[in-house]
Amino acid sequence: ERVTGTPTPGGGGSGRRLAYDYAMEAAAVSKRAGVPVKVVWTRPDDMHHDYFRTPSFHRMRAVIDTDGQLSAWRHHIITSPLFTHILGPDVEYPEMYDVAGAADFPYDVGHLLVEYSPIDVPLQLGSWRSVSHSFNVFAVNCFLDEIAAALERDPLDVHLSLLGAPRQRQAKLNLPGRRGQPA
C-alpha cells in the first residue's frame, strides 16, 4: 500500500522497456535495504542481462514471367515465436509478430505465399526496435534487389514498379479478433 508504480512509455526504449527485470532487482534491493533505492546498471551489466534479437532464417523464391515481371512470390520464415519468450509458452497465436513485414507484403504480385515454421531457441529473446518487421522487411527487400540484379534492372525501379496502383490487399491470418483479417 506504500508503493506507487508509474508506468513509463515504451517509446525510445528500443523494446527493452517491455521487460521488467531491472525493476524487480530494484524492488529486491530496496526490500533488503529497508529504504528506497535507485539501481543503475553499468554498461557491462546491461549487456549481460540484455535480451537477444529473434534469430530468423528465410527461404525465398520468385517466378519471373516471360515479360520479365514478378508473377509469384514465396517466403518461408523460420524463427522462434517471440510471444512465447515474452508471454510464456501457453500464449495463443504466438506467430502473430513473427510474420509481420512479410505477410503484409506491399508489392503487387499475382501469387503470394508466406509460410512460417517455429523453432525453439534456448536464449532470452526480446522485442527489439521493429520486432519482426526488421528482419522480414530486410529479407524481402534484399531479395527484390537480387531479382533486380538478375533482370539487370535498377533496384529502385523494380521496387517502384511493384508498388503498382494504390489498393488494399486482404491478408487472412489465423489470428483472434480484429487482427485476424487486417487490410
Side-chain angles (χ1 to χ4, degrees), residues 9-19 51-65 67-121 123 125-151 153-183:
S14 300
R16 184 63 173 99
R17 291 185 190 161
L18 297 177
Y51 291 73
F52 291 92
R53 175 184 284 268
T54 310
S56 64
F57 178 84
H58 303 261
R59 180 166 304 269
M60 305 173 84
R61 296 176 185 253
V63 175
I64 309 298
D65 65 22
D67 295 327
Q69 300 300 312
L70 184 61
S71 62
W73 180 275
R74 180 179 180 183
H75 185 172
H76 188 160
I77 304 162
I78 301 171
T79 188
S80 185
L82 182 60
F83 265 12
T84 60
H85 289 272
I86 295 173
L87 302 174
D90 297 327
V91 66
E92 194 173 12
Y93 305 106
E95 67 279 359
M96 188 163 78
Y97 269 147
D98 305 310
V99 297
D104 49 352
F105 191 77
Y107 298 107
D108 193 12
V109 175
H111 302 281
L112 172 66
L113 176 63
V114 177
E115 300 169 302
Y116 171 75
S117 296
I119 57 170
D120 182 45
V121 175
L123 296 171
L125 301 179
S127 174
W128 278 107
R129 306 210 184 261
S130 62
V131 200
S132 58
H133 278 85
S134 57
F135 53 77
N136 289 333
V137 171
F138 178 78
V140 165
N141 286 292
C142 285
F143 189 48
L144 277 174
D145 287 352
E146 291 178 26
I147 291 168
L151 294 172
R153 291 180 54 196
D154 179 78
L156 180 59
D157 289 340
V158 170
H159 287 255
L160 292 175
S161 70
L162 288 173
L163 286 175
R167 69 203 179 286
Q168 279 197 340
R169 182 178 204 146
Q170 294 294 319
K172 301 212 184 289
L173 306 173
N174 185 23
L175 302 174
R178 65 175 181 78
R179 292 180 177 259
Q181 296 184 20

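Below, all heavy atoms of this structure are taken into account, side chains as well, without hydrogens, waters or symmetry copies. Keep in mind the model is a prediction, meaning the values are calculated, not measured.
Interatomic distance, Leu123 CG to Thr54 OG1, rounded to the nearest 0.5 Å: 10.0 Å. The distance from atom CG of Leu70 to atom NE2 of His111, rounded to the nearest 0.5 Å, is 11.0 Å. We find the CG-CG distance between Asn136 and Asp104 to be 8.5 Å, quoted to the nearest 0.5 Å.
Residue Leu151 comes nearest to Gly68 through the heavy atom pair CD1-O, 3.6 Å, listed as atom of the first residue, atom of the second, then distance. Met60 and Ala139 get closest at one heavy-atom pair: SD-O, 3.6 Å. The two residues Phe105 and Leu112 make their nearest non-hydrogen contact at CB-CD2, 3.7 Å. Smallest separation of non-hydrogen atoms from Pro55 and Leu125: CD-CD2, 4.0 Å. In terms of heavy-atom proximity, Ser80 sits nearest to Val121 at CB-CG2, 3.4 Å. Nearest heavy-atom pair, Thr79 versus Asp98, reported as atom, atom and distance to 0.1 Å: CG2-CB, 3.8 Å.
With sequence neighbours excluded, the residues satisfying ring-ring contact (aromatic ring centres under 6.0 Å, His included) with His159 are Tyr107.
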- Test side-chain contact (heavy atoms from CB on, under 4.5 Å) on Val158 and Leu162 and set out the steps. CA-CA 6 Å; Val158 170; Leu162 288 173; 4.0 Å; yes
- Message: Apply side-chain contact (heavy atoms from CB on, under 4.5 Å) to residues Ile64 and Ile147 and explain how you reach the verdict.
- Response: CA-CA 9 Å; Ile64 309 298; Ile147 291 168; 3.8 Å; yes
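Side chain of Asp67 to main chain of Gln69: no donor-acceptor pair is present (N/O by atom type, distance under 3.5 Å, no hydrogens or angles).
No more than 12 heavy atoms of other residues, nucleotides or ligands sit less than 6.0 Å from atom CZ of Arg59.
Within the 4.5 Å cutoff, the side chain of Tyr116 has heavy atoms near those of the Pro81 side chain.
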